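See below for the structure under consideration.
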Amino acid sequence: MKKTVPIVLGVLFGIYGLLEFYIPHWRVRTTTDEFQAWGAVLTAAAFILGGVNILQVTWPKIRRRAEDWQYKVILLACAALMLLVGLPWHKLGDADEAKATHAVVGATSGDGGRIVVAAPDDVMVRIGAVNAPARTGGKAFTVDVPAGEVEVMLSRRMAGYRALTTKVNVAAGQVVEVRGDPPMTWGKDGRVFVWVYDHVFDPCNSTMFALLAFFVASAAFRAFRARNAEAALLLLAAILVMLARAPIGRSISDVFPDLGQWLIDIPNNAGRRAIMMGAAIGAIATALRVIVGLERSHLGSD
Amino acid sequence: MRLRSERTVALGFLLVALGAATAAAQPVEPVTALTAKAPANDDGRHIAVSFTRPAANRDPEAGVATVIVRRADDGKTPPPAPPALGPASALAARSELGDWTVAALLEGGEVSLTDEVSPSGRYVYAAFEVRRDGDGKLLAVSPPVVSSAVAPRASFFHTTRVGILGIVLLISGLIAWYIPRARRSPKDVYIRRMPGVDAIEDAVGRSTEMGRPVLYVTGLEEIQDIQTLASLLILGHVAELTANYDTEIKVANYYPMTMVVAEEIVRQGYANAGRMDAHRPENVMFITAEQFAFAAGVNGLILRDRPATNIYFGKFFGESLLLAETGFLTGAVQIAGTAELAQLPFFVAACDYCLIGEEMYATSAYLSREPTLLANLKAGDGFKLAAMAFVFIGAVLATASVYQLGPAVFP
């Protein structure tokens with residue numbers, strides 16, 4: 001029973017998945033969307049289990065003061081921090097209710113009106129199609145507008161703030177003052193989360209990626225040692241391709257770029273295609289044996 | 001002098017304004033050959049609309065756009081009249097214009113549109129060519145062109161996928177043909193040796209002798225990816241092997257869903273070996289779902305725990321060499337398998353054994369030695385023979401400059 005039910009479910013959903021690929025009917029698509037929604041729910045639930053797993057793995061090591069336990073403390077602290085700043089706390093406060101307000105504050109001469117925006121210096125102001133220049137010293141931005149409805153948008157250049165938009169109806173001769181301060185938001189698009197991601201995580205990520213250059217150099221050094229005939233052939237091909245790609249190759253002879261390109265286009269491409277075709281056939285065969293329940297090694301015995 | 005120049009400028013402005021007004025007032029030619037039909041192999045929720053634009057309207061400088069509007073048609077009452085577009089008409093997609101709805105405003109010179117509609121219903125389309133000013137205000141509208149009523153059509157078979165279905169059916173047929181033969185005489189089913197797979201048991205034995213764990217990485221793709229599935233199938237065998245050898249296995253996962261399934265598979269492997277007492281669930285870990293953070297986490301694991309065997313099976317990307325090279329530095333026996341072409345050279349350079357593409361898919365069957373699974377491998381080989389024959393025939397035909405046979409055979 002323990003094995004039969006998963007196999008039956010696997011076969012049913014597997015065959016459905018296979019048939020769905022060939023049946024474009026909208027009823028089938030709708031059912032597939034529903035199944036995919038189930039999958040999304042399962043995936044989301046699995047992330048909770050993932051968090052629990054991280055605790056299960058790290059906490060005992062911290063308690064036992066195992067090797068490098070300090071890093072586990074940092075890991076848990078960072079995970080907790082990102083969880084905290086990733087929650088939309090602003091929904092608890094009044095940030096969602098923050099609005100840009102406007103009021104008539106005076107009169108001006110002429111056919112049109114005037115809009116005065118009073119906002120902090122780091123707030124970007126757009127009145128209709130006009131973008132305000134950078135301001136300092138808390139100066140208000142003033143622009144003359146034709147009479148009628150004008151859209152005013154207040155936003156900040158940095159991510160994590162909610163833009164405020166208001167429509168101002170300006171009559172001829174009116175001076176309207178618009179006030180507002182785009183509020184900071186929390187959550188995955190919030191200020192703190194984005195700041196930590198951009199200023200802490202992203203540089204670390206780039207550093208790890210940059211290490212690849214050194215790893216490639218050391219791996220290439222080992223791979224290109226001519227220990228036997230195949231390795232010597234590999235070394236020769238590598239030298240030819242390097243000469244084809246580096247400017248020195250062309251300065252030695254015009255043959256190198258063409259030779260290098262031929263190596264990539266013909267022998268290398270033939271090998272790549274053979275691997276691709278073999279892998280595709282293997283993937284179909286593997287998928288079929290899982291779908292029809294032939295493969296049971298991952299399920300064990302009843 | 002100054003007065004004269006001011007007059008000249010004013011006259012210039014006047015002429016430009018007159019020119020613009022003349023251009024705005026010019027009538028716009030309508031589209032021709034407007035057709036609406038249900039696309040082939042559709043799910044029944046689309047109508048393909050196509051038309052021809054007059055040459056004068058194609059010039060981007062002319063500022064002419066096409067408005068396509070749609071109306072449901074019951075097939076009984078006379079065809080409805082298209083809406084009258086005016087300066088105040090909202091032309092954004094999904095805007096309502098009386099009984100009509102704007103399907104699209106085509107501003108980039110497009111001459112076709114695939115419109116999403118409700119599956120039950122018939123629809124009439126009308127197309128207008130419109131000239132607008134910089135603010136989007138209508139200056140001129142062409143007479144409408146109306147299509148005949150059309151209903152979306154849901155297909156029950158995707159005809160362009162018949163080739164793939166043929167391959168699947170052929171492989172399925174080969175499996176069905178090989179299974180009884182493999183069951184009758186399993187020893188006659190020849191599968192060539194795979195040194196990389198044979199090395200797994202030796203590597204686990206080495207780990208046991210050295211008293212160090214085995215590290216298994218399931219790749220960086222979601223569980224529905226076939227490479228991840230193949231990796232998890234192999235994990236069951238490796239877990240059983242480590243349980244038999246009483247060696248610790250640590251499994252690093254990129255996604256929590258993979259971690260959950262991997263934990264179950266490792267548990268089952270220990271159960272199959274009758275060593276449930278030795279199973280430690282915390283050894284199946286979710287590291288993180290960020291690529292290089294995952295690489296950093298696994299590298300830390302390799303450097304701290306010094307596994308004697310590192311096994312990388314699944315789909316890998318740029319981090320493959322970071323993992324394999326770190327493992328090399330610790331002196332571990334490394335076995336990798338992936339179908340990712342770009343990562344294979346890295347694994348070949350840094351690992352002791354590398355399973356290339358299809359070999360990884362065959363590993364589970366190779367390890368289990370079950371006749372039905374071996375039959376599956378033989379079926380794959382049989383199809384490969386057919387593919388080789390096709391490649392050979394194709395190469396001969398291409399050499400003979402015959403290129404048009406393909407569409408003739410597979411229309």
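Predicted, not measured: the structure shown is a model, and the values here were computed from it. Here is the naming used below: chain letters follow the sequence lines, and residue numbers restart at 1 for every chain.
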When only pairs under 4.5 Å are counted, which of [options] shares the most heavy-atom pairs with chain A?
options                                    : result
Gln291(B), Arg161(B), His158(B), Glu263(B) : Arg161(B)
Ile171(B), Leu322(B), Asp381(B)            : Leu322(B)
Asn41(B), Leu165(B), Val260(B), Thr372(B)  : Leu165(B)
Arg45(B), Glu282(B), Met388(B)             : Arg45(B)
Arg304(B), Arg267(B), Glu370(B), Lys384(B) : Arg304(B)
Gly44(B), Gly380(B), Ser155(B)             : Ser155(B)

Does any backbone or side-chain atom of [X] lie under 4.5 Å from a heavy atom of chain B? Answer side chain, backbone, both or neither.
X         : result
Val292(A) : neither
Ile284(A) : side chain
Leu42(A)  : both

Heavy-atom contact with chain A under 4.5 Å, split by part of [X]:
X         : result
Val391(B) : side chain
Ala295(B) : both
Met259(B) : side chain
Ile164(B) : both
Leu235(B) : neither
Asn283(B) : neither
Ile223(B) : neither
Glu290(B) : side chain
Ala379(B) : neither
Ser368(B) : neither
Thr326(B) : both
Ile356(B) : side chain
Val168(B) : both
Thr159(B) : neither

Would you give the length of the straight line joining atom [atom1] of [X] to atom [atom2] of [Y], rounded to the nearest 0.5 angstrom?
X         : Y         : atom1 : atom2 : value
Leu76(A)  : Lys61(A)  : CG    : NZ    : 11.5 Å
Met194(B) : Leu355(B) : CE    : CG    : 6.5 Å
Met153(A) : Ile127(A) : CE    : CD1   : 11.5 Å

Output the option from [options] having the highest count of non-hydrogen pairs under 4.5 Å with chain B.
options                                   : result
Ala285(A), Ala79(A), Ala223(A), Ala220(A) : Ala285(A)
Ala274(A), Ser206(A), Gly278(A)           : Gly278(A)
Arg273(A), Arg272(A), Gln56(A)            : Arg272(A)

With ring centroids as reference points, do Phe316(B) and Phe346(B) lie under 6.0 angstrom apart?
-> no
Would you find a donor on one side and an acceptor on the other, under 3.5 Å apart, between the side chain of [X] and the backbone of [Y]?
X         : Y         : answer
Ser364(B) : Ile234(B) : no
Glu358(B) : Ile281(A) : no
Asp352(B) : Gln334(B) : yes
Thr228(B) : Gln224(B) : no
Asn253(B) : Met285(B) : yes
Tyr16(A)  : Thr32(A)  : yes

Is any side-chain heavy atom of [Y] closer than 4.5 Å to one of [X]?
X         : Y         : answer
Met208(A) : Asn299(B) : yes
Glu295(A) : Leu373(B) : yes
Glu240(B) : Gln268(B) : no

Centre of Phe224(A)'s six-membered ring, under 6.0 Å away, within 45 degrees of the axis: is that where NZ or CZ of Arg222(A) sits?
-> no
From the options Tyr255(B), Phe317(B), Phe286(B), Tyr254(B), select the one residue that forms a ring pair (Phe, Tyr, Trp, His ring centres under 6.0 Å) with Phe294(B).
-> Tyr254(B)
